[in-house]
Structure formats: structure tokens, C-alpha cells
Amino acid sequence: AFAFALQSVGRPQLPLLVEGLRNEQTEAQAMAYLVELGQPVARPLGASLADPDAKQRARVAMTLGLIGGQDAIAALDRAKQDADTDTARA
């Protein structure tokens, strides 16, 4: 919640929110925060599609899909080429 509040007022905390996607206990809340932050975080969030963890890439792809917008779509177009089928389908 603290990272979300800081990001909301222009103090970058995106890495902490993205890390929240890794943990099953915080994944849903982190995703909700990222979706609420919306299109301004889509481009930097798209960089997380290069994460070595396939499950994390899939979570990021799902989040980008919920955010929508041109930056999210551009990142998701790249994700369709992912070797991990769950990421490519997300």
C-alpha cells in the first residue's frame, strides 16, 4: 500500500509493486494497484517481460492486458513471442 501511495504521487516505486506480483500472498493486491495506476506505468512495466522467471512474465502480461492502452499492447505484442506458452497466451 505504501509503494502504491508513493507511486500515485509521482515518487517512483514501480519495482516494489512489480515484486509484489511474485508472492502469491500479495499478487492480487499488487496487480490491482498496478491496474489502478493505469497506462502511465504500462511502458515501464513492459520491461518486466524480460524477467527470467516465466511465471513473473505471465503475471506481468496479465497485468498489462488489464491496463490496456497502446504501450501495453506494444509490450504484449512482444510477449506473444515468449518461449513460455503461459506468458505468450496471457
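No hydrogens, no waters, no symmetry mates; every other heavy atom, side chains included, goes into these values. For clarity, every value in this text was computed on a predicted model and none was experimentally measured.
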Nearest 0.5 Å, please: how far is [atom2] in [Y] from [atom1] in [X]?
{"X": "Gln39", "Y": "Leu45", "atom1": "CD", "atom2": "CG", "result": "12.5 Å"}
{"X": "Gln56", "Y": "Glu19", "atom1": "CD", "atom2": "CD", "result": "6.5 Å"}
{"X": "Lys55", "Y": "Glu27", "atom1": "NZ", "atom2": "CD", "result": "10.0 Å"}
{"X": "Tyr33", "Y": "Thr26", "atom1": "OH", "atom2": "OG1", "result": "10.5 Å"}
{"X": "Glu36", "Y": "Gln29", "atom1": "CD", "atom2": "CD", "result": "9.0 Å"}

Note, [X] side chain near [Y] side chain (heavy atom, < 4.5 Å):
{"X": "Val60", "Y": "Leu21", "answer": "yes"}
{"X": "Asp51", "Y": "Val18", "answer": "no"}
{"X": "Leu17", "Y": "Leu37", "answer": "yes"}
{"X": "Leu64", "Y": "Leu49", "answer": "yes"}
{"X": "Lys80", "Y": "Asp77", "answer": "yes"}

Non-hydrogen atoms of [X] and [Y] that approach each other most closely:
{"X": "Gly46", "Y": "Ala75", "result": "CA-CB, 4.0 Å"}
{"X": "Ala42", "Y": "Ile67", "result": "CB-CG2, 4.2 Å"}
{"X": "Leu76", "Y": "Ala61", "result": "CD2-O, 3.4 Å"}

| query | Is there a path from Ile73 to Leu34 through hydrophobic residues (I, L, V, M, F, W, Y) whose side chains come within less than 4.5 Å of each other? | reply | no
| request: Please step through salt bridge (Lys or Arg N to Asp or Glu O under 4.0 Å) for the pair Asp82 and Arg57, ending with a clear verdict. | output: CA-CA 9 Å; Asp82 198 287; Arg57 292 193 310 274; 2.7 Å; yes
| query | Just by distance, do the side chain of Thr87 and the backbone of Ala54 share a donor-acceptor pair under 3.5 Å? | reply | yes
